[in-house]
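Taking it in order: structure first as structure tokens, then the write-up.
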Amino acid sequence: MALPRWLLPLSLGLLMLTGIVEMAFISSMVYWLHRFAGGEYIVATPTMAGTTFTLHGKPKHLLLNQGHTTNGAAGTAFVGVGLGGILILWLRARALRRGTFRGFTAALYHAWLVLVVLSALLSIAALVYTYLLTYQHWGQTINIVDASLLNNRPFPNQVAYPEQEWTPENWFKAVLKLPLAEKSDRKNIWNHLYIMRAWRWNLIPLVVLSVVFAVVALLDAREKRRYMGSRRDVTKGRV
């Protein structure tokens, strides 16, 4: 049974859409972490009523590799598989119409097919890595007494919270459990925490669509190979 002609472009379009949304979420998180989250939060001191201390916005051991891996997976899906695929599929269609699907065009197409499979595997790896890391540090809390004794100072003399390792999502969830003095800080953290959760959950459709498109692309390649084989047989028969 032949694949519907719309299935390949539709699955590619959905994959590109999911990939660019993922990159947008991660870019927003990274921008905020570098530009704003590195400040400090005013927290009520637990041992002395009416007094406060400052907590540096980021912990000493902040885990970011899962974000880099996910961004790489999303970028590969959008740029390599998506934008590259549009060009390569156009070249293939032109070559098939001319009956000249060989040489450089064929090599480029098959290299792209390998990239499609590798991209799907990278997306799966990013999903497993991100969720494993997130749940390894799930439920961690900030020791407010220890944090109040750090003697934090404004940048560049800040003293970051040194205990444990944290993903950005888990760190800011823990910060929200502290008695923050500024309501605007709490609101700001919540807004960006939603984005951190969004890119983590968006990994699931990215993986699903990556795998679906890889299967569709491979089935389409097999179908086109059969088409070229039958076309050559007809040509030989005429000769």
Side-chain angles (χ1 to χ4, degrees), residues 1-29 66-131 194-195 197-239:
M1 180 179 176
L3 288 174
R5 294 183 62 181
W6 50 263
L7 187 56
L8 187 68
L10 176 63
S11 56
L12 180 59
L14 291 174
L15 176 60
M16 292 179 68
L17 177 62
T18 308
I20 199 169
V21 167
E22 187 74 2
M23 288 191 294
F25 283 151
I26 294 177
S27 296
S28 176
M29 179 193 75
Q66 73 280 12
H68 298 319
T69 304
T70 300
N71 198 45
T76 302
F78 180 75
V79 178
V81 175
L83 296 180
I86 291 172
L87 175 61
I88 290 169
L89 290 173
W90 176 77
L91 291 173
R92 185 192 70 168
R94 188 178 67 168
L96 288 173
R97 285 195 302 269
R98 296 176 177 178
T100 58
F101 184 56
R102 56 183 179 273
F104 177 74
T105 302
L108 198 62
Y109 171 69
H110 288 107
W112 174 74
L113 280 179
V114 172
L115 179 63
V116 169
V117 175
L118 292 178
S119 176
L121 294 175
L122 179 58
S123 296
I124 294 171
L127 174 72
V128 173
Y129 181 33
T130 297
Y131 276 82
Y194 288 138
I195 293 175
R197 289 172 174 171
W199 76 253
R200 178 165 61 83
W201 284 106
N202 193 60
L203 264 171
I204 296 174
L206 180 65
V207 167
V208 171
L209 289 169
S210 295
V211 172
V212 168
F213 181 73
V215 172
V216 170
L218 291 173
L219 291 175
D220 177 72
R222 185 179 67 174
E223 190 173 285
K224 293 299 185 292
R225 186 166 59 249
R226 288 176 177 175
Y227 166 76
M228 288 301 296
S230 62
R231 187 169 179 174
R232 282 193 296 267
D233 291 340
V234 170
T235 303
K236 289 178 181 179
R238 288 176 180 175
V239 174

Inset, instruction - Output all residues satisfying ring-ring contact (aromatic ring centres under 6.0 Å, His included) with Tyr194, sequence neighbours left out; order by chain, then residue number. - result: Trp190

Legend entry - Distance-minimising heavy-atom pair for Leu89 and Leu12: CD1-CD2, 4.3 Å

Legend entry - Distance-minimising heavy-atom pair for Leu113 and Ala221: CD1-CB, 3.6 Å

Inset, instruction - Kindly give the heavy-atom pair with the smallest separation between Thr105 and Ala95, and that separation in Å. - result: CG2-CB, 4.2 Å

Counting only pairs under 3.5 Å, give me each side-chain donor-acceptor contact of residues 69-76, with atom names and distances, residues two or more places apart or in other chains.
unit_1: Thr69; atom_1: OG1; unit_2: Asn65; atom_2: O; d: 2.9
unit_1: Thr70; atom_1: OG1; unit_2: Gln66; atom_2: O; d: 2.9
unit_1: Thr70; atom_1: OG1; unit_2: Thr130; atom_2: OG1; d: 3.3
unit_1: Thr76; atom_1: OG1; unit_2: Gly72; atom_2: O; d: 2.7

Legend entry - Closest contact, heavy atoms only, Phe25 versus Ile195: O-CG2, 3.4 Å

Legend entry - Gap between atom CG of Leu127 and atom CZ of Arg200 - 0.5 Å precision: 10.0 Å

Legend entry - 4.5 Å side-chain heavy-atom contact, Val117 and Leu218: yes

Legend entry - Ile124/Val211 under side-chain contact (heavy atoms from CB on, under 4.5 Å): CA gap, chis, key distance, verdict: CA-CA 9 Å; Ile124 294 171; Val211 172; 4.1 Å; yes

Inset, instruction - Measure the CG-CG distance between Leu7 and Asp220 for me, rounded to the nearest 0.5 Å. - result: 9.0 Å

Inset, instruction - Look up atom CG in Leu8 and atom NZ in Lys224, then write down how far apart they are to the nearest 0.5 Å. - result: 7.5 Å

Inset, instruction - Report the C-alpha separation of Ile204 and Tyr131 in whole Å, then their side-chain angles, then the decisive distance to 0.1 Å, and conclude whether the side-chain contact (heavy atoms from CB on, under 4.5 Å) test is met. - result: CA-CA 10 Å; Ile204 296 174; Tyr131 276 82; 3.8 Å; yes

Legend entry - Residue pair Ser123 / Leu203: nearest heavy atoms and the distance that separates them: O-CD2, 4.5 Å

Legend entry - Shortest non-hydrogen contact between Arg92 and Tyr109, atoms and distance: NH1-OH, 2.9 Å

Legend entry - Leu17 and Phe78, any side-chain heavy atoms less than 4.5 Å apart: no

Inset, instruction - Any side-chain hydrogen bond (donor to acceptor under 3.5 Å, both in side chains) involving residues 2-26? Give me the pairs, sequence neighbours left out, ordered by first then second residue. - result: Glu22-Asn202

Inset, instruction - State, yes or no, whether a side-chain contact exists between Ser210 and Leu206 at a heavy-atom distance under 4.5 Å. - result: yes

